[in-house]
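See below for the structure under consideration.
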Amino acid sequence: MRALDENETTAVFEKLFKFTGNNLKNIIEKPSHEGPDKTPGRYCFRLQKNRVYYVSEALVKRATNISREKLISLGTCIGKFTKGGKFHLTVQALNLLADNARHKVWLKPTSEMSFLYGNHVLKGGLGRITENTNVGDGVVVFSMSDVPLGFGVAAKSTQDCRKLDPNGIVVLHQSDIGEYLRMEDDL
C-alpha cells in the first residue's frame, strides 16, 4: 500500500470534486479518532492493487507490519483505476459522497427499485432535486426518507427538468447499493 502520486491524486480529487464541490475540504481535513493517540489524526488516500482506499493515518501505521502481497484491504475502498488510467468511484464511496454532496436528487418510492436494478432516473420518478444543478454535475441519489441509494451524473439541469416529459432521463446511473448483491464477487 502506497501513497498516491501527483497524477493519481489529481484524478481522485477531480472525481470527488465533481460530487462534493467545495465540501472536498471536509473529506480531506476530517479528523480521525482511531488509534491510541489522544490527539485526533487525519484520513489519507492510499493505493493498493489499482484500488484507492480512504483510511486513517493511525491504521496505515499499524498496517506496515503486513506485507503488500498479503494485505487485501484497508479502510474504505472509494474507487479504482482502470487499465487506461481513469479513476472510477465505487459504491463504497457512497457514504462519503452522501455526507458531503453538493447536488442531490430524491426518488419517489415507486422508482427506487428501478434505480437499484441499475436503471437511470426518469422524470416520472423524481421526487425533488436541488436547485442550480447543471448538466454533467455529480448527483447523489436519495430515497424520500433520506437514505442514500447511489450516485450518477445529471443529464438535465434543474430548469430543464421542469419542462421534461415523464419518460425523459434526469440522472445517468453510475453506481447504487444494489451492486452489493449484483456484483458481490467483484467488490
Side-chain angles (χ1 to χ4, degrees), residues 1-34 41-60 63 71-107 112 115-121 129-130 133 136-143 145-155 170-187:
M1 185 164 282
R2 66 170 176 82
L4 301 175
D5 66 22
E6 191 173 329
N7 293 334
E8 294 165 343
T9 303
T10 303
V12 170
F13 283 177
E14 283 176 355
K15 186 65 82 164
L16 287 174
F17 184 80
K18 184 176 184 178
F19 287 91
T20 61
N22 293 333
N23 294 337
L24 178 61
K25 178 181 63 154
N26 298 340
I27 295 173
I28 297 168
E29 296 175 355
K30 181 179 178 182
S32 166
H33 299 287
E34 294 178 1
R42 300 190 106 169
Y43 282 91
C44 59
F45 295 95
R46 292 289 185 255
L47 185 74
Q48 172 77 7
K49 298 179 183 174
N50 288 338
R51 293 189 183 272
V52 177
Y53 293 91
Y54 182 67
V55 60
S56 69
E57 290 176 346
L59 196 56
V60 170
L71 185 65
I72 296 173
S73 177
L74 185 68
T76 304
C77 178
I78 62 162
K80 60 184 177 180
F81 283 98
T82 63
K83 291 181 181 176
K86 293 186 178 183
F87 180 71
H88 292 287
L89 289 170
T90 57
V91 68
Q92 293 98 329
L94 180 60
N95 288 337
L96 200 62
L97 295 177
D99 293 341
N100 300 291
R102 180 172 50 169
H103 302 292
K104 300 177 182 180
V105 166
W106 289 266
L107 296 182
E112 287 177 13
F115 181 74
L116 294 178
Y117 283 126
N119 298 319
H120 301 306
V121 176
I129 186 170
T130 54
T133 302
D137 284 345
V139 176
V140 178
V141 179
F142 290 88
S143 68
S145 56
D146 279 335
V147 175
L149 300 175
F151 54 89
V153 175
V170 176
V171 176
L172 300 172
H173 176 274
Q174 279 192 344
S175 186
D176 64 82
I177 56 175
E179 288 181 12
Y180 284 117
L181 297 174
R182 292 194 312 269
M183 300 169 30
E184 62 183 306
D185 293 338
D186 296 337
L187 296 175

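Values below: all heavy atoms of this structure, side chains included; hydrogens, waters and symmetry mates excluded. The shown structure was predicted, so the numbers you read here are calculated from the model rather than taken from an experiment. Numbers for residues simply follow the sequence, beginning at 1.
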Which distance, rounded to the nearest 0.5 Å, do you find between the [atom1] of [X] and the [atom2] of [Y]?
X      : Y      : atom1 : atom2 : value
Leu71  : Tyr53  : CG    : OH    : 7.5 Å
Phe87  : Thr82  : CZ    : OG1   : 10.5 Å
His120 : Gln174 : NE2   : CD    : 10.5 Å
Ile129 : Lys104 : CD1   : NZ    : 13.0 Å
Arg46  : Arg2   : CZ    : CZ    : 10.0 Å

Are side-chain heavy atoms of [X] and [Y] found at a separation under 4.5 Å?
X      : Y      : result
Trp106 : Thr130 : yes
Val12  : Ile78  : yes
Leu24  : Phe19  : no
Thr76  : Leu96  : no
Lys18  : Val153 : yes

Smallest separation among heavy atoms of [X] and [Y], with atom names:
X      : Y      : value
Val139 : Ala154 : CG2-CB, 3.8 Å
Cys44  : Val60  : SG-CG2, 4.0 Å
Thr20  : Arg102 : O-CB, 3.8 Å
Ala155 : Leu172 : CB-CG, 4.0 Å
Glu112 : Ser143 : OE2-CB, 3.1 Å
Asn100 : Asn23  : O-ND2, 3.1 Å

#### Entry: Leu74 backbone acceptor or donor facing Gln48 side chain under 3.5 Å
no

### Message
Can a donor-acceptor pair be found, under 3.5 Å and without considering hydrogens, that links the side chain of His88 to the backbone of Lys80?
### Response
no

### Task
Apply ring-ring contact (aromatic ring centres under 6.0 Å, His included) to Tyr54 and Phe45, showing your working.
CA-CA 5 Å; Tyr54 182 67; Phe45 295 95; 5.3 Å; yes

### Message
For Ser175, give me all partners under side chain to side chain contact (heavy atoms under 4.5 Å, CB included), at least two apart in sequence or on another chain.
### Response
Val91, Phe151, Glu179

### Query
Hey, which of Glu8, Lys49, Arg51 is the one that makes side-chain contact (heavy atoms from CB on, under 4.5 Å) with Phe81?
Glu8

### Task
Carefully, step by step, assess Asp176 and Leu94 under the rule side chain to side chain contact (heavy atoms under 4.5 Å, CB included).
CA-CA 8 Å; Asp176 64 82; Leu94 180 60; over 6 Å; no

### Query
Does CG belonging to Asn22 count more than 12 external heavy atoms closer than 6.0 Å?
no

